[in-house]
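Below is one structure, written out as C-alpha cells, with a few remarks after it.
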Amino acid sequence: MPTELAKTFDPASTQEQALRLWDEHNAFHAEPTDPGKPYSIVIPPPNVTAALHLGHAFNNTLQDILVRYHRMLGDNACWLPGTDHAGIATQTVVEKRVLAEEGKRRTDFKREEFVAKIQAWKDQYEARITAQLKAMGCSCDWQRQAFTMDAPRAKAVREAFFRLFKDGLIYRGKRLVNWDPVTQTALADDEVEMEEVDGHFYYLRYPLTDGSGHVTVATTRSETMLGDTAVAINPKDPRAAALRGKRVILPIVNREIPIVEDEYVVMPAQYGGDPDDPKAQLATGFLKVTPAHDPNDYEIGRRHNLPVINILAPDATISDKHGWTDIGEAHFVLGQPSEHARKLVVDWFKRNGLLEEIKPYRHSVGHSYRSHVAIEPYLSDQWYCQVTEPRMAGAALRAIADDQFEGRKIPGKADTWDGGMRFFPSRYARTFQSWHENIRDWCISRQLWWGHRIPVWRLPEGRLGERLPLAQFEAIVEKLAQWQADGRIALTQRAERDQARSVDIADRSLPYTFACVHDPNDREVIDELERHGAAQDPDVLDTWFSSGLWPLSTLGWPEETPELRTWNPSSVLCTSREIITLWVSRMTMFNIHFRNTLPFRDVFIHAMIQDGHGQKMSKSLGNGVDPMDIIASHGADAMRFTLAHMATNTQDVRMPVDLVDPWTGETFAPKYVTDSAGYMVAAPIQESPKDPSKKMVSSYGLASGKIKPTADMPLAKNTSSKFDLGRNFCNKLWNAARFVLSNIESAPAEAPDESKWSLADRWIISRFNRTVAETDDVLKNYRFDQVARAAYDFFWRDFCDWYVEAVKPAMRDPSRAGQTANVLAAVLDGALRLLHPIIPFITEIIYHRLNEIRPTRGLPNRLECPHSGISTQHSGLLIKAPWPNVGSFAEAAEHIFPNVQEVIGVIRNVRNELKVPPKQKVDVYIAAPPEPTRQLTENREMIEVLATVNLKDVHPDLTAPAGAVRAAAAGVEVFVHPGQPAVGDTNLAEKRCAELKKLADTLRGRLSNDAYTKKAPPHLVQQTRDQLAQAEAEIDKLGCG
RNA sequence: GGGCGAUUAGCUCAGUUGGCUAGAGUGCCAGCAUGACACGCUGGAGGUCACAGGUUCGAGCCCUGUAUCGCCCACCA
C-alpha cells in the first residue's frame, strides 16, 4: 500500500488495492450469528450462457449499493451470489458451438458426454461472471456462492418436486404445447415472443359430401388442413340451419369430416358479424378445425369430441409417423417443412380448382425466445405444475401489500407475511397481480439434457397387472403402498387435462402410473421399479423451477438452517420488469408454499438499458457493452457512479453507444444501417474518422458471424461517453482528497474548538448533514439517481467549488490552519462514507490514507452543530465503517452563505463582462443594509479570494465611487471599479433593471388578481408581496429609468 | 385487443402531494495553464415542457382527446 496518493488517479491500481484489503479482511462475509438487523439480497443469478453485459452491471451495482449501505448501517448484511444453469439457453449455445467447431450434433453424443461439454462451458462462464462481479466491486458473500444445479440446489429441487407431486400440484397432461422445432422442446407461454410476420390468407374450398356445393374456409396455415377433423360454423349464422348434419370431404386426404356449430366462429359482416371487427372482414364464416395444431381448435375439438390428428414430426416436418394414418393423396408433402408444405398444399388446391382467393395478411406469430423460429402448437405429454390452484396463484395474490392491490383483496394472511410484498415503483404490483389473475398451468418439463432430471419413473404403459403373474404383481403393489406410506415415493396417474389424479392403490391394475422417488439414492426403490420396466423420465425441469426455489435453496432449504431463519424472507429483490412473471411469480408461490414466508419484502424493478435508438441491448445487434471494457477505459467506480446516476424511476434509459477507434484510441459515433428486421445497427465495417482508409469491425459485424477481426481490420470496442460523468467525478474526488490530505498533514494538530468555526465551516457541515438525510430518505424508495445526484452536488458543487476554495487562506495561516484542518478532515471522512456504497474502491483507498494521516478525527458535539453527523467511530476499513448519523442543521449559516455566494457570483459576472484579466484584482464597494453589511464584512476574506477583489468598503450609506460599474445582488448594491478604462459593456445596471422590471410586472399582475389574493395560500401571497417589495427597492436603488 | 411507460436545452436525463424568472451533466461560445484537478476553473448562450382542449387564482405536473416511440400481457382463423 503506497503511503501517498498517486499524482493522478489510476483506477486499475486503486481497484486492485481495495480488493486486496477487502479480501484480507474477508469483508463481504456474514454469519447468521453476526450482530445487527438481518439484511439480505439474493442475486438474480446470471445465466451461464455468456459473460455479463451492461444490464447486469446496472443490476448488480444497485444491489451492491444497498448491501454496502446496510452493512455500514450496522445491519447483518449478506448478499448471496450465484449463477443459473439456464437450461435451454445454455444447451443451445453449446450445441451451436459444437456444430461450428466439431461439425457434430447433440445427437451424435451420448447424453453424459454432451452434458459434460455443457458443464465445461458452464465452468468457464461461471468463472468469468464471478470475475466480472468482483471487478465491479460487488461485495457478495463469495463463500456462499451457489449454482442452480449444484448439489445443495439439486437437493432442494428434488424435495420441492416431491412435495408438489405428493400434494397433487404436479400432473401429467396431454396438451397443446408451444413447440420449438429447432431445439425440439416445449416452451412455457412466457418463453414465446410474438413477432409480426407478413403472411397470406388462403381461401380453400371443401366440397360437401352430398355434392350440393362447398364451404370455403380461410386460413394462414394451409398445411394444417391435413389434420382437420371438422369445419365449424356459428349457430347464429343464417346458413347454419341448411348445413346442419352435413359433412364435407377434406381435399387431398379425402377424410370425411362433420360440420359442427360453435359460437367461437366469427361471422362475416354480411351474415351478422360485427362490421368493425377486422376479423369479420376476412372471415368466411367457416372455420377449419385442427385440434392438434391450434389452441383454439383444440378447445373446439374438446367441446365437440373431435378426433385429434397430429400431422407433424417433432422437427415440424409433415409426417405420417406421429398419429396420422389416413394420408390419402398427401404423399407429396410428407417430409416437407411446414412452411414449404404450406405452398405445396395451396398449389394443390389451385391445380384442382379449389383455391378461391389469396389475400396478403400481416399478423403476429409466436417465436421461440431462444431459437427465434416460429412456434408450432404441438400436442404432447408434458408435466404441469398446477399453479392455477389457490395454494399457488392465490397465495401470490394474497402476498401483495394491501395498499398495492388493485380492487378488493381476497382475505388472507398477508399480515403474517410482514404486511405483504411491496413493489418499487408501485405500478409493477399490477403486472404481478394481473399475471396471477389470468395464470394458466405451468408446463415444467423440457425435452433437454441440461437441467434437473425429472425424478419420476414411468411404469410401463398399460396395466401392469396384466403383464405379471398375480402373486408377483400383488407383491409389487404391497411394496409401492408401503413406500408411499413411508414417504419414499409418491404415485400419480396420467390425467387428460388440468388436474392430477391420485392413484387408488386398491385399483390393482395400476394404469398409466408414475412414481416420483423422493431420494435420488434410494436404490432399493429405484432398482425395484426398473426391474419391472419402469424408466426415469428423460426430460428435465424448466429452468425456472430451480430458479423459483432460489431464495430458499441458497440458504440451505429444505433444512431449516440458521441462514434460512435469519435471511429469509430476504430484504429486497432487484430485477428488471421482464421477469416479474417468469421468475418473481414463481419464487413467491414456492416460498409461500414451502415455508409460508415471502421470498422478499420489497421488489425493486429498475429501468432497462437501451441503446441510443431505444433498442434493447442484445448480443445479436452487437449494441451491448461489456462492463470490463468500461472498467478498462473509465474505471469500475466511474461505471458504478454513472449507472447509479441513471437509475431513475422510468421504464427505460438510453445509453448511446460509441465505438473506440483501435487505431487512435479515440471515441466516435458509428455509422448506422438498418438491418432486415428494421433495427438500427452499427454498420459491420467502420472507417477510422481520422483516416478513412483504416477499417475496423463493429461488434455488430462480429455478432453477425460473418466478419472476423484481423490485424488489418481490428475490432472496435463499444463504449459510451455517458461514463465520462463518473470518471470526471472520481478524478475530482481523487484530486480534492489529495489536496485536503496534504493540507491536513501540514497543519498543526489542535483540539477541535467549535467557537472558531467560520461561516463556511458551519455551512459545509450543515450541508453534509442535509445530504446524509436526503440519501437516507431517498434510498428507502430505491431512488439511486437521487442518491448519486445529492452526493455529486454536495461533494463537487458545495465542498470543492466553495468550501475548499474558501478555506485556502485559512490553511495558509498557521494560526487558523489547525482548526480548519479539523473540519476538512471530518467532512472528507464523512464524504467518503457517504460515497462509499456508490464508489467503493476509490473511497476505500482515500480513507486508508486519511487514517494514516489523521487516526483520530471528529467534531465536538456542541454549539450550532451539537451533532455534527460525522461519526468519531473509526474502523480500519471504510467498508465496515459506520454510516454517518444525520446531525443538526446550521440554519443561520445555510441562510447567510448563499447571500455571500450571490455577491461573489455578481462580481465574477461583472469582471467577465468587463473582460478584466482573471488574475487582476479589482476594487469593490458594497452598499447594503446594516445586517448584510455585518455579514459581508465578517466574510470579507472569502469574498476577496473567491471573487479576486479588494473589498474596499461595505457600508449602508455608501456613495457610488466614480468610474465604478454598478450591479445588484441579494438586496445589496455592488460597485466594481476596474481600476483601468473598462472594456465592454459598462452599463450592467441597465440589464439588471430590465430583468427587475419584468419580474416586478409579473408579480404586480399576480397581486392585482383578486382571485389570487383571496384563494391562494396566505404565505404564498405574502411571499409574492415580499418579492415585489424587494424588486422595487432594488429598482429604486439602481435608479432604473 | 388490453395494460404500462415515454415525449422538457443539440444529446442523456432530473423536476416527490399543482405555487420563485423550468434545472443538471454533456455538447457549444468566450476567457483562464491560478501551487488538487484541463477528466479542470470562471462566465455565457441555448427550452411555446409533443399537440389540442379542459379544470384552477395558478398547469411541465391534474382531467379528456390526438400523434409518435418503446415495453409487457393476450389462444385471435
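Please read these numbers as outputs of a predicted model, since none were measured by experiment. Values reported hereafter were calculated over all heavy atoms of this structure, with side chains retained and with hydrogens, waters and symmetry mates removed. Numbered from 1 within each chain, the chains take letters A, B, ... in sequence-line order.
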### Query
Reckon Lys808(A) has a side-chain N or O less than 4.0 Å from the OP1 or OP2 of rA36(B)?
yes
### Query
Taking atom C1' in both rU21(B) and rU68(B), what distance in whole Å separates the two?
32 Å
### Atom C1', compared across rC20(B) and rG35(B): separation rounded to whole Å
41 Å
#### Entry: Gap in Å between the two P atoms, one belonging to rG15(B) and one to rG23(B), rounded
15 Å
### Query
Quantified in whole Å, what is the C1' atom distance between nucleotide rC72(B) and nucleotide rU8(B)?
26 Å
### Task
Write down the distance between CG (Asn438(A)) and C1' (rC73(B)), rounded to a whole number of angstrom.
9 Å
### Pairwise distance CZ(Arg727(A)) to OG(Ser721(A)) - rounded to 0.5 angstrom
9.5 Å
### Task
State, with a plain yes or no, whether a side-chain heavy atom of Val260(A) is found less than 4.5 Å away from one of Val231(A).
no
### Task
Look at the side chain of Glu913(A) against the base of rA30(B) and say whether a donor-acceptor pair falls under 3.5 Å; ignore hydrogens and angles.
no
### Thr648(A) side-chain N/O to rC13(B) phosphate OP1/OP2 under 4.0 Å
no
### Query
Using a cut-off of less than 4.0 Å, is there contact between a side-chain N or O of Asn909(A) and OP1 or OP2 of rG44(B)?
yes
### Summary
Assert: residue with more 5' nearest nucleotide on RNA chain B, out of Met608(A) and Phe9(A), is Phe9(A)
### Query
Should the pair Lys808(A) and Phe739(A) be classed as cation-pi, given the thresholds of under 6.0 Å to the six-membered ring centre and 45° from the axis?
yes
### Message
Nearest to the Asn735(A) side chain among rG31(B), rA36(B), rA14(B), which nucleotide is it?
### Response
rA36(B)
### Proximal nucleotide (of rA36(B), rC32(B), rG19(B)) relative to the Leu1020(A) side chain
rG19(B)
### Task
Fit a plane to each ring of His293(A) and Tyr378(A), take the angle between them on a 0 to 90° scale, and name the class: parallel (under 30°), tilted (30 to 60°) or perpendicular (over 60°).
tilted
### Query
Would you say Arg577(A) reaches rC72(B)'s phosphate, i.e. side-chain N/O to OP1/OP2 under 4.0 Å?
no
### Query
Taking atom C1' of rA77(B) as reference, at what distance in whole Å does atom CD of Glu356(A) sit?
15 Å
### Message
Please check: side-chain N/O of Arg911(A) versus main-chain N/O of Gln920(A), any donor-acceptor pairing under 3.5 Å?
### Response
yes
### Task
Side chain of Lys732(A) only, please: which of rG70(B), rC41(B), rC72(B) is the nearest?
rC41(B)
### Message
Once pairs are restricted to Watson-Crick or G-U wobble with both distances under 3.5 Å, how does RNA chain B read as a dot-bracket string, [ ] for crossings and | for other-strand pairs?
### Response
(((((((..((((.....[...)))).(((((.......))))).....(((((..]....))))))))))))....
#### Entry: Nearest listed nucleotide, side chain of Asn731(A), among rA77(B), rG31(B), rC39(B)
rC39(B)
### Message
Just N and O in the side chain of Arg908(A): are any of them under 4.0 Å from OP1 or OP2 of rG31(B)?
### Response
no
#### Entry: Whole-angstrom distance between rG47(B) and rG2(B), as gauged at atom P
40 Å
### Task
Mind telling me whether Tyr803(A) and Phe799(A) have parallel, tilted or perpendicular rings, with 30° and 60° as the class edges?
parallel
### Task
Using whole Å, report how far CG of Leu733(A) lies from C1' of rG40(B).
15 Å
### Query
Can you say whether the rings of Trp734(A) and Phe9(A) are parallel (under 30°), tilted (30 to 60°) or perpendicular (over 60°)?
tilted
### Message
Between Ser746(A) (side chain only) and Asn743(A) (backbone N and O only), is there a donor and an acceptor less than 3.5 Å apart?
### Response
yes
#### Entry: Selection from rC13(B), rC37(B), rC4(B) that lies nearest to any side-chain heavy atom of Val653(A)
rC13(B)
### Message
Does rG43(B) have its OP1 or OP2 closer than 4.0 Å to a side-chain nitrogen or oxygen of Arg911(A)?
### Response
no
#### Entry: From rC13(B), rG15(B), rG40(B), nucleotide with atom closest to Gln786(A) side chain
rG15(B)
### Task
Report the nucleotide, chosen from rC41(B), rA77(B), rC13(B), that has the shortest atom-to-atom distance to any side-chain atom of Trp796(A).
rC41(B)
### Task
Among rA77(B), rA14(B), rC37(B), find the nucleotide with the atom closest to the side chain of Val266(A).
rA77(B)
## Note on the structure
Taken to the nearest whole Å, CG/Leu582(A) to P/rC71(B) is 17 Å
### Nucleotide rU26(B), atom C1' - distance to NE2 of His634(A) in whole Å
12 Å
### Query
Starting at the 5' end of RNA chain B, which residue's closest nucleotide do you reach first, Arg789(A) or Pro918(A)?
Arg789(A)
### Query
Taking atom P in both rG40(B) and rG27(B), what distance in whole Å separates the two?
8 Å
### Task
To the nearest Å, give me how far apart NE2 (His645(A)) and P (rC11(B)) are.
19 Å
### Message
Applying a 4.0 Å non-hydrogen cut-off, can you work out what Asp801(A) is touching in the nucleic acid: base, sugar-phosphate, or nothing?
### Response
sugar-phosphate
### Task
Could you tell me whether the phosphate oxygens of rU42(B), OP1 or OP2, come under 4.0 Å of any side-chain nitrogen or oxygen in Trp802(A)?
no
### Query
Among the nucleotides rG5(B), rA77(B), rU42(B), which one has an atom lying closest to any side-chain atom of Arg427(A)?
rG5(B)
### Distance between P atoms of rA9(B) and rC49(B) (Å, rounded)
10 Å
#### Entry: Euclidean distance for P, rA50(B) against rA14(B) (whole angstrom)
14 Å
### Message
Heavy atoms from C-beta onward define the side chain here; which of rA77(B), rA36(B), rA14(B) lies closest to that of Phe201(A)?
### Response
rA77(B)
### Task
Report the distance from atom CZ of Arg654(A) to atom CG of Asp611(A), rounding to the nearest 0.5 Å.
8.0 Å
### Task
Give a yes/no on whether any side-chain N or O of Asn728(A) is located under 4.0 angstrom from OP1 or OP2 of rC37(B).
no
### Task
Give one of base, sugar-phosphate or nothing for Tyr792(A), where a contact means two heavy atoms less than 4.0 Å apart.
sugar-phosphate
### Query
Which is true for Gln610(A) with a 4.0 Å heavy-atom rule: it touches a base, it touches only sugar-phosphate, or it touches nothing?
sugar-phosphate
### Task
Report the distance from atom CE of Met655(A) to atom C1' of rU26(B), rounded to the nearest whole Å.
14 Å
### Message
Ring centres under 6.0 Å, that's the criterion: do His645(A) and Phe729(A) meet it?
### Response
no
### Query
Counting distance only, does the side-chain N/O of Ser585(A) pair as donor-acceptor with the main-chain N or O of Leu582(A) below 3.5 Å?
no
### Message
If you compare every side-chain N and O of Thr650(A) against the phosphate oxygens of rU7(B) (OP1, OP2), does one of them come in below 4.0 Å?
### Response
no
### Task
Please determine if a side-chain N or O atom of Arg797(A) lies less than 4.0 Å away from the OP1 or OP2 oxygen of rG25(B).
yes
### Query
What is the nucleic acid contact for Pro377(A), judged by heavy atoms within less than 4.0 Å: base, sugar-phosphate only, or nothing?
nothing
### Task
To the nearest Å, give me how far apart CZ (Arg342(A)) and C1' (rA77(B)) are.
13 Å
